[in-house]
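Here the structure comes first, spelled out in structure tokens, and everything after it is commentary.
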Amino acid sequence: MKKYKVIIIGSDFGGQCAAINLFKQGISDFIILERRDFVGGTCCQNSYPGAAVDVQSPLYSFSFKPYLWSQMYAEQSELEHYTRLIIDKYKLGEGYRKNKGPFP
Ligand SMILES: Cc1cc2nc3c(=O)[nH]c(=O)nc-3n(C[C@H](O)[C@H](O)[C@H](O)COP(=O)(O)OP(=O)(O)OC[C@H]3O[C@@H](n4cnc5c(N)ncnc54)[C@H](O)[C@@H]3O)c2cc1C
């Protein structure tokens with residue numbers, strides 16, 4: 001079994017930010033474990049009608065990747081779009097592995 005220097009649990013903003021900061025420190029020997037079938041976390045999972053943020057959209061942007069939001073309180077689809085931009089830009093999908101156990 002391959003060993004990693006760092007294991008990140010979850011691929012939402014917290015996991016993405018951790019991964020990007022590891023890259024910035026020259027650490028690429030890590031893996032992101034995600035229990036869902038896709039990378040992106042809660043903001044990609046919840047697409048129910050009317051889903052939108054309730055804090056101002058710019059607060060959802062990473063400081064290193066500003067984004068011109070279409071409205072002050074973005075709908076879920078735009079939040080997911082931004083998340084995909086981050087995942088693609090930093091190639092986070094390549095360091096991801098679906099994981100169902102032993103975690104709940
Ligand atoms: C439409 C929408 C609007 C929102 N608006 C706001 C808002 O305005 N303000 C606000 O503060 N928050 C809002 N949220 C909540 C927002 O989702 C969170 O701020 C954000 O998701 C937090 O990200 P996170 O990385 O901390 O954790 P999470 O989103 O909780 O992601 C955790 C990830 O880890 C994975 N995971 C968990 N446990 C395991 C395990 N044991 N093994 C493997 N993988 C695991 C999960 O599948 C998930 O992908 C909103 C959410 C949605 C869907």
Side-chain angles (χ1 to χ4, degrees):
M1 176 184 274
K2 179 170 171 28
K3 292 186 176 176
Y4 295 91
K5 195 164 191 175
V6 181
I7 295 176
I8 298 171
I9 311 288
S11 64
D12 204 325
F13 294 122
Q16 294 162 30
C17 194
I20 292 165
N21 279 292
L22 286 171
F23 277 137
K24 286 181 175 175
Q25 292 177 43
I27 300 169
S28 56
D29 183 20
F30 66 85
I31 189 167
I32 303 173
L33 299 181
E34 172 55 58
R35 67 182 169 184
R36 291 179 174 141
D37 293 330
F38 52 85
V39 189
T42 305
C43 65
C44 298
Q45 166 88 9
N46 291 279
S47 57
Y48 48 84
V53 298
D54 58 10
V55 298
Q56 292 89 341
S57 309
L59 295 176
Y60 261 82
S61 313
F62 289 121
S63 57
F64 48 81
K65 184 64 175 166
Y67 177 80
L68 194 57
W69 296 90
S70 65
Q71 50 187 323
M72 190 50 78
Y73 295 91
E75 294 176 6
Q76 181 273 342
S77 58
E78 190 170 17
L79 192 59
E80 180 169 351
H81 173 71
Y82 177 76
T83 301
R84 301 266 170 241
L85 289 178
I86 294 293
I87 289 168
D88 292 346
K89 178 176 171 57
Y90 293 95
K91 299 184 173 30
L92 299 181
E94 295 172 13
Y96 143 86
R97 192 175 77 200
K98 185 178 174 187
N99 174 68
K100 284 217 166 187
F103 306 104

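Computed from a predicted structure; not experimentally measured. Counting begins at 1 with the first residue of the sequence.
- The side-chain heavy atoms of Ile86 and Ile20, taken from C-beta on, include a pair separated by under 4.5 Å.
- The shortest side-chain heavy-atom distance between Ile32 and Val39 does not fall under the 4.5 Å cut-off.
- Under the 3.5 Å distance criterion, the side-chain polar atoms of Ser28 are left unmatched by any main-chain donor or acceptor of Phe23.
- Nearest heavy atoms, Pro66 versus Phe64: CD-C, 3.6 Å.
- Each of Val6, Ile8, Ile7 was scored for a side chain to side chain contact (heavy atoms under 4.5 Å, CB included) with Ile31, with one residue passing: Ile7.
- Side-chain contact between Thr83 and Phe13 is present, with at least one heavy-atom pair separated by less than 4.5 Å.
- Of all heavy-atom pairs between Leu92 and Ala19, the closest is CD2-CB, 3.7 Å.
- The salt bridge (Lys or Arg N to Asp or Glu O under 4.0 Å) pairs that include a residue from residues 7-27 number zero, where partners must be two or more places apart or lie in different chains.
- Other residues, nucleotides and ligands contribute only 12 or fewer heavy atoms inside 6.0 Å of the NZ atom of Lys3.
- For the pair Gln71 and Val53, the minimum side-chain heavy-atom distance is 4.5 Å or more.
- Within the structure, every pair that satisfies the salt bridge (Lys or Arg N to Asp or Glu O under 4.0 Å) test and touches residues 78-89, not counting sequence neighbours, is listed here: Glu80-Arg84.
- At most 12 non-hydrogen atoms from other residues, nucleotides or ligands lie less than 6.0 angstrom from CG of Leu68.
- In terms of the salt bridge (charged side-chain N to carboxylate O under 4.0 Å, His left out) criterion, Lys5 has no residue partners (sequence neighbours excluded).
- Listed for the Gln76 side chain is no donor-acceptor partner under 3.5 Å among the backbone atoms of Gly50.
- The local environment of CD in Gln45 is crowded, with over 12 non-hydrogen atoms from other residues, nucleotides or ligands closer than 6.0 Å.
- Under a 3.5 Å cut-off, the side chain of Glu34 and the backbone N or O of Ser11 do form a donor-acceptor pair.
- Rounding to the nearest 0.5 Å places NZ of Lys65 at 7.0 Å from OH of Tyr90.
- Sorted by first then second residue, the side chain to side chain donor-acceptor pair (under 3.5 Å) pairs that include residues 48-63, not counting sequence neighbours, are Ser61-Trp69.
- Residues that satisfy the side chain to side chain donor-acceptor pair (under 3.5 Å) test with Tyr4, not counting sequence neighbours, are absent from this structure.
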